[in-house]
Asks: 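Here it is, the structure, as structure tokens.
By convention here, the first residue in the shown sequence is residue 1.
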Amino acid sequence: IGSRIGIHQVVMEERLSAGLVDEAVEALRRSLTIAEATLSSTPRPSLAWREARSAVARAGSALALLEYEQLRFLDSWRLAERLLERIGPAEDVETAALSLARARGRAGETNDAEPWVTDATAALAVVRATGDRALELETLVELAGARGEAGLPAIDDWRAVGALATQLG
């Protein structure tokens, strides 16, 4: 599964860098289809199942973000919601990313950013536990954006973003 999805991920990145968003979306959809098929056909809770679950979450999160960026908020929200139900709950980065995608899409569709702030705060705790500083920076940016959209003070979040970005170079 990894090599087939990896090929689609490379294609997606190439298409995005060339400004070919529709082709990138299609590459992500193919990745997601492969990952979901693998997840359905793999015994749970094997290593292959966990890898397929992770692939579903990664491809789904990326696709939901592209949908959001194209102002397809409802599509983004529904996709992430469906995939969260599919992969089930867990305290991991993949689930946190899908939860963020769901909350972001919902906020875009409903103009209610409070759930986005809640999910971004929870995601930050999960990410910090992994020690992945680059991912922490991405999540801090997400949290600051969510708080800003919710009309909440975000200056401390943006300061944290600046401090971590400086540390990471």
Asks: Could you state the interatomic distance from CG (Leu79) to CZ (Arg29), rounded to the nearest 0.5 Å?
Replies: 8.5 Å
Asks: With a 4.0 Å cut-off, would you call Asp112 and Arg106 a salt bridge?
Replies: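 No.
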Asks: Regarding Trp116 and Glu142, is there a side-chain donor-to-acceptor distance under 3.5 Å anywhere?
Replies: yes
Asks: If you look at every heavy atom in Val117 and Leu143, which pair is closest and at what distance?
Replies: O-CD1, 3.9 Å
Asks: Could you pull out the closest heavy-atom pair between Ala165 and Leu137, with the gap in Å?
Replies: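 Closest pair (atom of Ala165, atom of Leu137, distance): N-CD1, 4.0 Å.
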Asks: Just so I know, are the side chains of Arg44 and Leu39 near enough to count as touching, which here means a heavy-atom distance under 4.5 Å?
Replies: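 No, every pair of side-chain atoms sits at 4.5 Å or beyond.
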Asks: Backbone N or O of Thr42 within a donor-acceptor pair of the Ser46 side chain at under 3.5 Å?
Replies: no
Asks: Heavy atoms only: give me the nearest Ala154-Gly148 pair and the separation to one decimal.
Replies: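 That closest heavy-atom pairing would be CB-N, 4.2 Å.
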Asks: How long is the gap from OG on Ser99 to CD on Glu94, to the nearest 0.5 Å?
Replies: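 Taking OG in Ser99 and CD in Glu94, the distance rounds to 11.5 Å.
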Asks: Is the count of non-hydrogen atoms from other residues, nucleotides or ligands lying under 6.0 Å from Glu91 atom CD greater than 12?
Replies: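 Open: at most 12 neighbouring heavy atoms sit under 6.0 Å from CD of Glu91.
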Asks: Judged by atom type as modelled, is there a donor-acceptor pair below 3.5 Å linking the side chain of Ser76 to the main-chain atoms of Ala64?
Replies: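 Between the backbone of Ala64 and the side chain of Ser76 there is a qualifying donor-acceptor contact (under 3.5 Å).
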Asks: Please check if Leu98 and Val25 belong to a single hydrophobic cluster, counting links between Ile, Leu, Val, Met, Phe, Trp and Tyr side chain heavy atoms closer than 4.5 Å.
Replies: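 Same cluster.
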Asks: Please lay out, stage by stage, how Asp75 and Tyr68 fare under the test side chain to side chain contact (heavy atoms under 4.5 Å, CB included).
Replies: CA-CA 8 Å; Asp75 293 339; Tyr68 178 86; over 6 Å; no
Asks: Does a donor on one side chain and an acceptor on the other come within less than 3.5 Å for Thr95 and Arg53?
Replies: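 There is such a pair (donor and acceptor under 3.5 Å, judged by atom type) between the side chains of Thr95 and Arg53.
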Asks: Give, for atom CD of Glu138 and atom CG of Leu164, the distance between the pair rounded to the nearest 0.5 Å.
Replies: 10.5 Å
Asks: So with a 6.0 Å cut-off around CZ of Arg82, is the heavy-atom count from everything else above 12?
Replies: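 For Arg82, atom CZ is crowded (more than 12 foreign heavy atoms under 6.0 Å).
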Asks: Would you say the side-chain atoms of Arg58 and Ser54 include a donor-acceptor pair closer than 3.5 Å?
Replies: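 There is such a pair between these side chains.
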Asks: Does a sphere of radius 6.0 Å around CZ in Arg78 hold more than 12 heavy atoms from other residues, nucleotides or ligands, not counting ones at 6.0 Å or beyond?
Replies: no
Asks: Nearest 0.5 Å, please: how far is CH2 in Trp49 from CD1 in Ile87?
Replies: 8.0 Å
Asks: Would Arg128 and Leu140 satisfy side chain to side chain contact (heavy atoms under 4.5 Å, CB included), going step by step from the backbone distance to the final call?
Replies: CA-CA 10 Å; Arg128 282 186 170 151; Leu140 277 170; 3.8 Å; yes
Asks: Quick one, Val127 and Arg133 - any side-chain contact, counting heavy atoms below 4.5 Å?
Replies: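 Contact flag for Val127/Arg133 side chains = no.
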Asks: Show the nearest heavy-atom pair for residues Ala123 and Leu100, with the distance to one decimal.
Replies: CB-CD1, 3.8 Å
Asks: According to a hydrophobic-cluster definition based on side-chain heavy atoms being under 4.5 Å apart (Ile, Leu, Val, Met, Phe, Trp, Tyr only), do Leu83 and Leu66 belong together?
Replies: yes
Asks: Check the hydrophobic clustering (I, L, V, M, F, W, Y; side-chain heavy atoms under 4.5 Å; chains of links allowed) and say if Leu124 and Leu168 are grouped together.
Replies: yes
Asks: Side chain to side chain contact (heavy atoms under 4.5 Å, CB included) for Leu152 and Glu114? Distances and angles first, verdict last.
Replies: CA-CA 9 Å; Leu152 299 171; Glu114 291 293 332; 4.0 Å; yes
Asks: Would you compute the distance between atom OG1 of Thr139 and atom CG of Asp132 and round it to the nearest 0.5 angstrom?
Replies: 8.5 Å
Asks: Contact between Trp77 and Thr110 at the side-chain level, heavy atoms closer than 4.5 Å - yes or no?
Replies: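 Side-chain contact under 4.5 Å: yes.
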Asks: Asp157 and Ala144: which non-hydrogen atoms are nearest, and at how many Å?
Replies: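 Smallest interatomic distance, heavy atoms only, reads CB-CB, 3.6 Å.
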Asks: What heavy-atom pair brings Leu32 and Val56 nearest, and what distance separates the two atoms?
Replies: CD1-O, 3.6 Å
Asks: Would you compute the distance between atom CD of Glu81 and atom CZ of Arg86 and round it to the nearest 0.5 angstrom?
Replies: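 Result: 14.5 Å between the selected atoms.
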